[in-house]
> 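First the structure, which I've put down as structure tokens, then a few questions once you've had a look.
All values below were derived from every heavy atom in this structure, side-chain atoms included, with hydrogens, water molecules and symmetry-related copies excluded.
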Amino acid sequence: TILPNPYSPTIISTDFKAQADDFIVQEQMVIDFSEDGEHLWLHLQKTHLNTAYVAKLLSKWAEVATHDVSYSGLKDRHALTSQWFSVRLPKKIAPEKDFTDFAKNWLNAGEKITLLDQHWHNKKLQRGTHKVNHFTITLRNVVGDTSAIDSQLEQIKANGVPNYFGEQRFGRDDNNINTALEFFATGRIDGRKPHPKFNRDKISLYLSAARSELFNAVLAKRVELGVWNTPLHVTEEVFNLAGTNSIFTVDNQNESTEILQRLSNHDIHLTAPMWGAGELASRGEVAELENSVINHNDQYQDKYQQLATGLVTQGLKQQRRATRLLPQNMAWRWLENADLELQFDLASGSFATSIIAMLMKS
């Protein structure tokens with residue numbers, strides 16, 4: 001799906017992810033390890049492997065159930081990524097065989113795992129523990145006017161991009177959305193009834209995809225209207241305090257000047273709904289816009305209504321997500337052969353591919 005772009009994209013063509021180390025992701029996490037306890041934390045670097053598969057390998061290596069293996073967030077498969085995992089070992093004894101040696105027996109050509117560090121700790125690794133990912137992305141053989149590309153990158157550095165969920169959230173050919181629709185309609189996934197406990201992660205994946213689809217649809221409409229980072233009405237919007245999950249509304253129109261200044265300073269962001277049960281937190285024209293995208297969409301009305309109804313039936317509650325994604329510590333440099341290297345930090349749950357997509361002409 002081609003999502004609306006508030007910028008005039010400047011890259012005509014490029015080779016994206018030509019090789020694994022063209023897309024490097026590093027979890028930024030500082031932990032004061034206790035160096036005792038029953039949880040063995042491992043810092044792993046992996047190539048061409050997704051997070052869930054590495055978790056399964058760790059469970060085989062340690063001979064524990066998969067729910068005894070934890071990680072903070074999912075990482076791209078077609079990339080060079082480093083992230084932490086924890087394995088619960090009640091006897092507080094690590095397996096004799098080195099994990100990287102064990103894993104070699106389960107890897108295909110091009111796949112690789114390297115153990116960077118490990119520590120014992122008295123707590124398991126919880127989802128969402130790390131708050132930031134550092135990206136180093138190399139675009140190969142870039143075609144386009146370099147000064148125009150530099151100018152657009154300056155705009156993105158200053159103003160951010162729409163906080164779209166990336167295409168990897170939806171699977172190949174939108175398979176995750178199609179499976180979510182099947183699950184909502186029949187209670188089955190790929191024709192089979194999922195076990196509520198053992199298939200919890202799989203169910204969660206499809207629920208997240210459904211929510212992400214509806215969020216992107218509302219954000220796309222705001223981008224089309226030119227109000228993805230500008231309020232329609234200050235007293236009808238829902239705002240997010242940058243760097244937190246806190247949201248708030250404004251009742252007094254007299255606060256408009258202060259709110260606009262805070263938006264300009266990137267202290268706060270506008271939000272759009274992560275769909276679920278309950279009333280929208282937005283009001284007036286903003287709530288009408290959000291409802292209209294889901295319930296009165298000429299092209300996707302049936303699809304969006306099925307996704308929205310399914311999310312409510314599954315018990316998810318209305319939440320909000322910022323409409324603006326601001327890369328931190330953003331820098332870039334031109335390399336040989338018209339290659340462009342980008343570096344930046346993003347809050348976990350954000351998608352670097354959403355930045356790259358804004359640079360690319362369709």
> Test Leu49 against every option in Asn108, Thr81, Val54 by the side-chain contact (heavy atoms from CB on, under 4.5 Å) rule and name the one that passes.
Val54

> Do we see a donor-acceptor contact under 3.5 Å between the side chains of Glu27 and Ser82?
no

> Dump the intermediate steps for ring pair (Phe, Tyr, Trp, His ring centres under 6.0 Å) on Tyr164 and Phe351, then the final yes or no.
CA-CA 7 Å; Tyr164 291 126; Phe351 288 78; over 10 Å; no

> For the residue pair Leu44 and Trp84, establish whether any side-chain heavy-atom pair is separated by less than 4.5 Å.
no

> I want to check a possible cation-pi pair here: Arg77 against Tyr53, using under 6.0 Å from ring centre and within 45° of the ring axis as the test.
no

> Run the salt-bridge test on Arg140 and Asp15 with the 4.0 Å N-O cut-off and return the result as yes or no.
no

> Indicate yes or no: at least one non-hydrogen side-chain atom of Thr271 is less than 4.5 angstrom from one of Arg321.
no

> Kindly determine whether Arg222 and Glu237 satisfy salt bridge (charged side-chain N to carboxylate O under 4.0 Å, His left out), including the steps that lead there.
CA-CA 12 Å; Arg222 294 198 68 135; Glu237 297 280 6; 2.6 Å; yes

> Between Lys157 and Glu154, is the closest basic N to carboxylate O distance under 4.0 Å?
no

> Any chance NZ of Lys123 has more than 12 other-residue heavy atoms, nucleotides or ligands included, within less than 6.0 Å?
no

> Give a yes or no on whether the backbone of Leu346 and the side-chain of Ser350 come within a donor-acceptor separation of less than 3.5 Å.
no

> Any heavy-atom pair between the side chains of Asp201 and Thr66 that's under 4.5 Å?
no

> Determine whether the aromatic ring centres of residues Phe344 and Phe135 are separated by less than 6.0 angstrom.
yes

> Please test Glu182 against Asp190 for side chain to side chain contact (heavy atoms under 4.5 Å, CB included), starting from the C-alpha separation and ending with a verdict.
CA-CA 8 Å; Glu182 176 198 6; Asp190 296 329; 4.2 Å; yes

> For residues Leu57 and Phe102, report the shortest heavy-atom separation together with the two atoms involved.
O-CE2, 3.6 Å

> Is it true that His130 and Gln28 share a donor-acceptor pair across their side chains at a distance under 3.5 Å?
no

> Does any donor atom in the side chain of Glu167 or Thr353 lie under 3.5 Å from an acceptor atom in the other side chain?
no

> Would you sort out whether Thr138 and Leu340 count as a side chain to side chain contact (heavy atoms under 4.5 Å, CB included), showing the intermediate values?
CA-CA 6 Å; Thr138 304; Leu340 174 62; over 6 Å; no

> Does any non-hydrogen side-chain atom of Asn240 lie less than 4.5 Å from one of Ile268?
no

> Using distance alone, with no hydrogens and no angle criterion, decide if Arg88 and His39 have a side-chain donor and acceptor under 3.5 Å apart.
no

> Test the Lys92-Trp120 pair against the cation-pi criterion, namely NZ or CZ under 6.0 angstrom from the six-membered ring centroid and within 45° of the ring axis.
no

> Any chance you could lay out the side chain to side chain contact (heavy atoms under 4.5 Å, CB included) test for Val293 and Leu214, step after step, and finish with the verdict?
CA-CA 8 Å; Val293 171; Leu214 298 183; over 6 Å; no

> How far apart are the closest heavy atoms of Ala352 and Ile137, and which atoms are they?
CB-CD1, 3.8 Å

> Any chance you could lay out the salt bridge (charged side-chain N to carboxylate O under 4.0 Å, His left out) test for Glu38 and Lys124, step after step, and finish with the verdict?
CA-CA 9 Å; Glu38 63 179 13; Lys124 67 178 283 187; over 6 Å; no

> Flag the pair Arg320 and Glu290 as a salt bridge only when some basic side-chain nitrogen lies within less than 4.0 angstrom of an acidic carboxylate oxygen.
yes

> Name the residue from Arg169, Lys17, Lys46 that meets the salt bridge (Lys or Arg N to Asp or Glu O under 4.0 Å) definition with Asp76.
Lys17

> Without swapping roles, check the side chain of Asp339 against the backbone of Asn141 for a donor-acceptor pair under 3.5 Å.
yes

> Looking only at atom types and distance, does a side-chain atom of Asn199 sit under 3.5 Å from a main-chain N or O of His195, one as donor and one as acceptor?
yes

> Output, in order, the C-alpha distance, side-chain angles, deciding distance and verdict of side chain to side chain contact (heavy atoms under 4.5 Å, CB included) for Ile294 and Trp275.
CA-CA 10 Å; Ile294 307 306; Trp275 213 267; 3.6 Å; yes

> For atom CG of Asp32, decide whether the heavy atoms of other residues, nucleotides or ligands shown that lie under 6.0 angstrom number more than 12.
no

> Could you tell me if Asn297 and Gln299 have a donor-acceptor pair between their side chains, going purely by distance under 3.5 Å?
no

> Can you check whether Trp41's main-chain N or O pairs, donor with acceptor, with Ser86's side chain at less than 3.5 Å?
no

> Under 3.5 Å, is there a donor on one side chain and an acceptor on the other for His119 and Glu35?
yes

> Roughly how far apart are Leu232 CG and Arg283 CZ, rounded to 0.5 Å?
13.5 Å

> Indicate whether the side chain of Asp150 and that of Trp334 have a donor and an acceptor atom separated by less than 3.5 Å.
yes

> Any donor-acceptor pair under 3.5 Å linking the side chain of Asn265 with the backbone of Asp267?
no

> Check for a donor-acceptor pair, side chain of Asp22 on one end and backbone N or O of Ala18 on the other, with a separation under 3.5 Å.
yes

> Between Gln343 and His134, is any side-chain donor less than 3.5 angstrom from a side-chain acceptor?
yes

